[in-house]
Amino acid sequence: MRAQLARVDAVLVQALIAAALSFAHLHDIASAAGQDGWKAWAYPISVDLLLVAAWRRLRTGEAKASGWCWFVIALTASLGANVATAGLLDLGDVPAWLRILVAGWPAVAFLGGTLLAHTTTPAATNDIEAADVQEGAPEPLPEMPAQPAIEAPPNRPAVPVPAALIEHARKVAAEHHTRTGTPIDTPTLRARLGVPAPMAEAIAAQLA
């Protein structure tokens, strides 16, 4: 834990030193280019904010091309001020092109910050369009349970009946008709013969 805090503290101290020095150099360049008073202090703030906005866009992993473009622009402005104030530029006699760059920087920083902060990435746009389509689409109808198909009863195969059994059934049927005066029915014939129902039906068909 202490080692991690030591690394964090070292990074913070280094960042504070770099920011303070770059801030002072940008202020000196802006002041030498004719931007006096509070305007000279606004320039380094503008450069640092553009750097932060570009770095955040790079961290998101989306639209890296624009993020790198504006990061390089802001970094060039910061490094250029650091190098210019290292004795390579006479702050008492600033060239006209530098005055033009300093005067046009606010518009450039505003454009870059706006594009970085408010440009919608393609992935986010696709997500919004997909959500709109889903909201406007009609709700699907509930699925009805499938009705089981009604199958026709299979045709019963013909039951083979021995001829002797048919002759015996004729005698049983004649005896029943003589005794009751009515034709014998299939259940009674089945009970008298002791045969299965399919065979009884086949025998009754032969007697009809």
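Keep in mind the model is a prediction, meaning the values are calculated, not measured.
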Find the distance between [atom1] ([X]) and [atom2] ([Y]) and round it off to the nearest 0.5 Å.
| X | Y | atom1 | atom2 | value |
| --- | --- | --- | --- | --- |
| T60 | W55 | OG1 | CH2 | 11.0 Å |
| L51 | W70 | CG | CH2 | 12.5 Å |
| I45 | D48 | CD1 | CG | 8.0 Å |

Checklist entry - So does E175 pair up with R170, basic N to acidic O under 4.0 Å? => result no
Checklist entry - Given L193 and M199, is the side chain to side chain contact (heavy atoms under 4.5 Å, CB included) satisfied, shown in steps? => result CA-CA 10 Å; L193 297 177; M199 182 172 290; over 6 Å; no
Checklist entry - For N82, does its backbone N or O pair with a side-chain atom of T85 as donor and acceptor, under 3.5 Å? => result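 Such a contact is found between T85 side chain and N82 backbone.
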Checklist entry - Is a donor on one side and an acceptor on the other found under 3.5 Å between the side chain of T188 and the backbone of I184? => result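 Looks like no, no N/O pair under 3.5 Å.
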Checklist entry - By salt bridge (Lys or Arg N to Asp or Glu O under 4.0 Å), which residues pair with R99, not counting sequence neighbours? => result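 If we apply the salt bridge (Lys or Arg N to Asp or Glu O under 4.0 Å) test to R99, skipping adjacent residues, there are no hits.
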Checklist entry - Just by distance, with hydrogens left out, do D28 and S31 show a side-chain donor and acceptor under 3.5 Å apart? => result no
Cut-off 3.5 Å, no hydrogens considered: what does the side-chain donor-acceptor table look like for residues 37-44, sequence neighbours left out?
| from | atom 1 | to | atom 2 | distance (Å) |
| --- | --- | --- | --- | --- |
| Y43 | OH | V102 | O | 2.7 |

Please name the pair of heavy atoms, one in [X] and one in [Y], separated by the smallest distance, quoted to 0.1 Å.
| X | Y | value |
| --- | --- | --- |
| T182 | H176 | O-CD2, 3.4 Å |
| L26 | A77 | CD2-O, 3.6 Å |
| I29 | A84 | CD1-CB, 3.8 Å |
| L58 | G67 | CD2-C, 3.9 Å |
| S66 | L116 | O-CD2, 4.1 Å |
| T186 | A204 | OG1-CB, 3.6 Å |

Checklist entry - Can W68 and I73 be said to form a side chain to side chain contact (heavy atoms under 4.5 Å, CB included), step by step? => result CA-CA 9 Å; W68 276 114; I73 291 174; over 6 Å; no
Item to check | Derivation of the side chain to side chain contact (heavy atoms under 4.5 Å, CB included) call for L165 and V195 | outcome: CA-CA 10 Å; L165 184 58; V195 295; 4.3 Å; yes
Item to check | Evaluation steps, side chain to side chain contact (heavy atoms under 4.5 Å, CB included), between W105 and V47 | outcome: CA-CA 9 Å; W105 173 257; V47 173; 3.5 Å; yes
